[in-house]
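One structure is given below, encoded as structure tokens.
Chain naming here is simple, since letters A, B, ... match the order of the sequence lines and numbering starts at 1 in each.
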There are 2 protein chains.
Amino acid sequence: MVDIREVARRSGVSPATVSRALNGRPDVSEATRERVRKTASDLGYLPNEQARTLVRRRSDTVGLIWDTSYVVTKGRHSFLQDLAVGLKIALAETGYHLMILSPGSTTGSEDAFVRIAAQHSLEGVALMAVEPHLPAVEALIASGRPCIGLDLPIRGRRASYVGADNHHGASLAVDHLVGLGHRRIAVITGPLDILPGVERHEGFRTQMAAHGLEVLPEYVVSGDFFIESGHAAMLTLLALPNPPTAVFACGDQMAVGAMHAINEAGLDVPGDISVVGFDDVEIAALVRPSLTTVSQDYLGLGRAAVELLSNLIAEDREFGRGADAPPSTAARRPELVPGALIVRDSTGPVPLTQGVPAIA
Amino acid sequence: MVDIREVARRSGVSPATVSRALNGRPDVSEATRERVRKTASDLGYLPNEQARTLVRRRSDTVGLIWDTSYVVTKGRHSFLQDLAVGLKIALAETGYHLMILSPGSTTGSEDAFVRIAAQHSLEGVALMAVEPHLPAVEALIASGRPCIGLDLPIRGRRASYVGADNHHGASLAVDHLVGLGHRRIAVITGPLDILPGVERHEGFRTQMAAHGLEVLPEYVVSGDFFIESGHAAMLTLLALPNPPTAVFACGDQMAVGAMHAINEAGLDVPGDISVVGFDDVEIAALVRPSLTTVSQDYLGLGRAAVELLSNLIAEDREFGRGADAPPSTAARRPELVPGALIVRDSTGPVPLTQGVPAIA
DNA sequence: TTGTATGCGTTATCAC
DNA sequence: GTGATAACGCATACAA
């Protein structure tokens, strides 16, 4: 490995000048800059990042904390994978490097994340699929290091989050169903202790109310975003004396499970019951009937996350991390990325035998 | 940030002793070790990784080169995402950190990967979804830095790869179909310029031959692993005067496309035609009928990759990277991870009407 | 068993 | 505009 001194020697200048020339500093003559550039490139000189980070006190690297333990217990989670890819792509566009952290055995300790971020001089940290009230997470946020939650509602002096606009997405689903003439609309919710679960449910109720429609208590069944819970929830709904004509499942997997249950009962989608999902993961377009759903713009989420994090990092550099530092301003407002309704084949007009005709 | 000197001062020893004590060196008394440990922990001391890497000349970090440009052009690719997760999990278990590289604008340059690996002192590099004959990739392999291809057939003095045992997997599919009585079996291949495409096709032919069965030329149709190509291929097969009674699609998406084509033709799966896929991605279990397929053990692939890479790194540390260094031995043999046949509902006994086109 | 001195490769400070 | 010189934070050879 050729180092900066070698380049200096071969260019007939000092290491300091080489550094200046290569880093585009103004205080160096164009002649020497060119000469240095040439010998550096001839020698294949590559500045060592560790050494640079050490002295510059910045690494151009952000970390990702992503708890994948759910893979073993519950199986894959497509949307999270999409989200990770979206983050990777956006980060690459911005020039940051991404370090996937392996807290390892120290996960339980309160300073696990703080420590690992400090040790690697990370300029910011993105978080996915972790419990926001974990002591290690709260300690990280309290440390003042720039943090961004992905679909994870964290807040702090230098922490914010991006997420799908779940309220808006749910309202799109409701509008679509109501527009098709449906009135008896049920919802299969996600877990009500995580943000997407809560917000999609809220959005559903709000928009139903906006249309002057009642949400019967027995039309609200909860699931856990995985397919089996959608199946089970739909069985519950089908057993009602007066089943719904449409179902809004707050996740695509649950929507697919619901469709299976409907088919197994000898009913047709969308002939008898319409189904709308949420997320637009890969399966949505592949099942038959293909699933009408609310898409999540995972590339947009990645971009929004990186932009927010960049701002937080900029503030961190400018004002420092001390308790006396002014808190973040604009960068602190969470960013909600809207999705779009993707109309496919799982939704249709309300059956004529039921309630209000679609076209009056 | 408290540094090693601070800890030394507060413990009444020299920085060297602190380093020795904290790194578990034998030549330090248990008494001082304990004392140093305590003050270090009290002060919340965290050794700086950049500084350590600089002086130890090892980073405990491996890089991942993963070309995600296909996301924009062709859409998501579930199996690659699974593979990435498998790698992450295995790496975490082994204590390595993972750095996702962003070659950025220099992607085209021949030394892009060599440079970035050197700059970040990466001990090894994993590669996914890149063209193995790209100059930048070949240069990286030639550099002697430990490399591991994921489903990517790379070889070199310190380079090897892991992949699914595609031959074996294909043979499982053939055995299954033959066992159900099928004789007229068609194949929808993947692209024949990448490894999984070639090997699954080869495995199919080999095992057909092992059963003494002929593979008609018109029963071999090629696709690109994406759903649309499976649909199109199946249309071609259905248009034959004598269509097959079973189809082996070399990827799950293509298998789903094929099932759609069959259904659209008014035929039944598996009543008229059986379909087997490959990969066992999420959709396989979710479509109806659920898809019989050959699973890929992505967690196993991740583990195998990390183990192989660890060995390559160990050899690299021991023998160095010079051209005179002895080449890797055991670690150099590619590791093929076997999958398993997952029997679901898309396969069944050959129809009694076999010999004539099955028209329901 | 412990301390001293040196170096890892770079950038920043301050002279000139 | 350029060159010494001193950090950055740590580990290690050598001396004690």
message = If only side-chain N and O atoms count, and only distance matters, is there a donor-acceptor pair under 3.5 Å linking B:R56 with B:N23?
response = no

ask   = Between which nucleotides of DNA chain C, read 5' to 3', does contact with chain B run, using atoms under 4.0 Å from its heavy atoms?
value = C:dT1 to C:dG9

key: Test salt bridge (charged side-chain N to carboxylate O under 4.0 Å, His left out) applied to B:E123 and B:R158, B:R145, B:R317, the passing residue   = B:R317

query = With distance as the sole criterion, is a donor-acceptor pair present between the side chains of A:S121 and B:Q50 under 3.5 Å?
reply = yes

key: NZ/NE/NH1/NH2 to OD/OE distance under 4.0 Å, A:R303 and A:E307   = no

note = Checking A:L140, A:V137, A:I100, A:L152 against A:I65 for side chain to side chain contact (heavy atoms under 4.5 Å, CB included), the one that qualifies is A:L140

message = I'd like to know if A:E6 pairs up with A:R10 as an ion pair, taking the criterion as any Lys NZ or Arg NE/NH1/NH2 lying under 4.0 Å from an Asp or Glu carboxylate oxygen.
response = yes

ask   = Counting any heavy atom closer than 4.0 Å, what does A:T32 reach on the DNA or RNA strands: base, sugar-phosphate only, or nothing?
value = sugar-phosphate

inquiry  = If we ignore hydrogens and angles and just use 3.5 Å, is the side chain of A:R35 paired with the main-chain N or O of A:S11 as donor and acceptor?
reply    = yes

Under 3.5 Å, sequence neighbours excluded: what are the donor-acceptor pairs made by side chains of residues 24-31 of chain B?
{"residue": "B:S29", "atom": "OG", "partner": "B:T32", "partner atom": "N", "Å": "3.2"}
{"residue": "B:S29", "atom": "OG", "partner": "B:T32", "partner atom": "OG1", "Å": "2.7"}
{"residue": "B:E30", "atom": "OE2", "partner": "B:R33", "partner atom": "NE", "Å": "3.1"}

query = What is the per-nucleotide protein-contact pattern of nucleotides 4-16 of chain D, from the 5' end, where B denotes a base atom under 4.0 Å from a protein heavy atom, S denotes such proximity for sugar-phosphate atoms only, and - denotes neither?
reply = B---BBSSBB---

